[in-house]
Structures are given as structure tokens and as C-alpha cells.
Amino acid sequence: MILGQPLNDPTPAPGGTALDLAFETLGARKLYTRESAIYDQDDAVELLFRIVRGVVRTTRLTVDGRRQVGDFYYAGEIFGLEPGPAHRFAAEALTDCEVVIVRRAAVRAVAGDAELDRAILEATRRELERVQEHVVLLGLRGARERVAGFLAAIAHRQDEPQVDLPMSRQDMADYLGLTIETVSRMLTRLQDDAIVAFPSTRRFEVRRWSELEALAA
């Protein structure tokens, strides 16, 4: 899976790490339109990416042609860090995105081997936590609990009264291991139970946090 390392602020503050400094001094900003490819599955790992604005989705095609969604990355997060030589997931702009890109070799030259290795180790730790949460979501919960857990995680990530839901129902289904019909049905049930409300298909608000978190627990 792509290794993502969240940062609190897309712009490195004074006194930040050498990795922050490499992005600030050597990074080039690039715009990606919605649904455009950032890199493909099996591409060589040569670049590191940090999101300034927008949301990135990672996906993988299995040998039988099914699509898996690996994760979603938001502003301030670094993605593209991998311990191996090739990307196991592709990365795509889920929304219009602005991304800072720096060559891995340039980061190593500025930050040094120890700093880059530290960043990879920290990213690995964070990604393992996300993988563990994803495994629990897929293996230990029913469809309603999976969808509730997903909405709770997105809401906590944005911490806004009304939460943007940039991913499609199909994205959610491919992430949660469900069909799109099941996802739509569970969203309707959660809304009918007054746990969440959907002012639009791509925006929701949590009406009853305790019930949502109880389902997601």
C-alpha cells in the first residue's frame, strides 16, 4: 500500500524537519484535474508528493480485474513513500488537486540517508495503523457498521459541521468491500435513523455522534 505521512500544515513551519525543508526548497507545485492520474501502479518510486489542496485516492487493479481502493489522502499529507522500488497502488486526483513534488534523490541529498529512512519508518508505522483499522473495518463489522465507521473517520478528519464527501458511492464500496447498492442502502438507513443527514450527495453532517461512534466501535 502507498505509505502516507500526515502533516498538520501543508506549509512547513520554521524549524521543521529536513524533509519539510526539502519540499519547501526543492519541491515543484503541480495542478491535477479531477480523476487525472498522478502515477500508475507499478511505476518506479522516484518522486515524493505532498498535497496542498484537494483529495487523492489510491487504487489497485487485481489480477481478475477488480478495483481496490487503498486509501484517501488530504491536504497536508505526504504520499508516495514506499520501502520498495515500485508503487503497488496507483494515485489519482479524486478532486482538483495542487501537489508539491520532489525527487526522492533530491530529498536524500538535502535530508540525508538517516532523515529519509526516518521518514519512511514513520510513514510505515502510520500506514500500518491505517491498514489495521481497514482490516478491522472489513473483517469484523457488518455493512452498516462499515459505512458508519467510514463516515465517522471522514468527519473526524475534517472536523467541520458539514463534512465534504468527495468520493463517490463506488469509491466507498471499493474501499469497504461492499457493493454500491449496499453502500447506498446503508447511507439511507443512517439518514432515516437521524444519525447523519445529507444536504447533498457529496456533503453530510453528523446529527448523533454517540450513535455513529457506537456503530463504528
Nearest heavy-atom pair of [X] and [Y]: which atoms, and what distance?
X	Y	answer
V100	G27	CG1-CA, 3.7 Å
T182	A143	CG2-CB, 3.6 Å
L215	A148	CB-CB, 3.7 Å
A173	I180	CB-N, 3.7 Å
L61	Q41	N-OE1, 3.0 Å
A155	V206	CB-CG2, 4.1 Å

To the closest 0.5 Å, what do you measure between [atom1] ([X]) and [atom2] ([Y])?
X	Y	atom1	atom2	value
I51	C97	CD1	SG	6.0 Å
Q68	T62	CD	OG1	6.0 Å
E35	S168	CD	OG	7.5 Å
D164	T95	CG	OG1	9.5 Å

Short side-chain to backbone donor-acceptor contact, [X] and [Y], under 3.5 Å:
X	Y	answer
R104	L47	no
D43	D40	yes
T33	S36	no
R146	L176	yes

*asked:* Check this for me: does any side-chain nitrogen of one of E213 and R208 sit under 4.0 Å from a carboxylate oxygen of the other?
replied: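 Between R208 and E213 there is no salt bridge, as every charged N stays at least 4.0 Å from the carboxylate O atoms.
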Check whether any side-chain heavy atom of [X] sits under 4.5 Å from a side-chain heavy atom of [Y], and report yes or no.
X	Y	value
L94	M167	yes
T201	L165	no
W209	E211	no
V196	L151	yes
D171	F72	yes
R157	Y74	yes
Q162	P199	yes
V56	Y32	no

*Given side-chain contact (heavy atoms from CB on, under 4.5 Å), test R57 with D71 step by step and report yes or no.*
CA-CA 6 Å; R57 171 187 62 212; D71 218 328; over 6 Å; no
*Report the C-alpha separation of L48 and I101 in whole Å, then their side-chain angles, then the decisive distance to 0.1 Å, and conclude whether the side-chain contact (heavy atoms from CB on, under 4.5 Å) test is met.*
CA-CA 6 Å; L48 303 179; I101 305 171; over 6 Å; no
*Who passes side-chain contact (heavy atoms from CB on, under 4.5 Å) against P85, sequence neighbours left out?*
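Applying side-chain contact (heavy atoms from CB on, under 4.5 Å) to P85 gives none.
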_Trace of the side-chain contact (heavy atoms from CB on, under 4.5 Å) decision for R203 with V163_ = CA-CA 6 Å; R203 183 176 287 270; V163 183; over 6 Å; no
*asked:* Determine whether F49 and Y73 satisfy the following criterion, ring pair (Phe, Tyr, Trp, His ring centres under 6.0 Å), listing intermediate values before the conclusion.
replied: CA-CA 11 Å; F49 306 82; Y73 294 84; over 10 Å; no
*Enumerate the residue pairs fulfilling side-chain hydrogen bond (donor to acceptor under 3.5 Å, both in side chains) with a member in residues 187-196, sequence neighbours excluded, ordered by first and then second residue.*
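For residues 187-196: R144-D193.
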*Answer yes or no on whether R169 is positioned over the face of F198, meaning its NZ or CZ is under 6.0 Å from the six-membered ring centre and within 45° of the axis.*
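Yes, a cation-pi geometry.
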*R60 atom CZ: more than 12 heavy-atom contacts under 6.0 Å*: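 Counting neighbours around CZ of R60, more than 12 heavy atoms of other residues, nucleotides or ligands fall under 6.0 Å, so yes.
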*V45 and Y39: same hydrophobic cluster, using ILVMFWY side-chain contacts below 4.5 Å?*
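No, separate clusters.
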_Is there a continuous path of hydrophobic side-chain contacts, each under 4.5 Å between heavy atoms, that joins I154 to V183?_
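They do share one cluster, since a chain of ILVMFWY contacts under 4.5 Å joins I154 to V183.
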_Would R67 and Q170 count as a side-chain contact (heavy atoms from CB on, under 4.5 Å) here? Give the steps._
CA-CA 10 Å; R67 188 187 75 152; Q170 188 64 61; 4.2 Å; yes
*Report the C-alpha distance between R34 and D96 in whole Å, list the side-chain angles of each, state the deciding distance to 0.1 Å, and finish with yes or no for salt bridge (charged side-chain N to carboxylate O under 4.0 Å, His left out).*
CA-CA 5 Å; R34 181 176 176 270; D96 290 344; over 6 Å; no
*Give me the one residue out of R50, K30, R53 that meets salt bridge (charged side-chain N to carboxylate O under 4.0 Å, His left out) with E98.*
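The option that passes is R53.
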*asked:* Hydrogens and angles aside, do E92 and T59 bring a side-chain donor and acceptor to less than 3.5 Å of each other?
replied: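 Side chains of E92 and T59: pair found under 3.5 Å.
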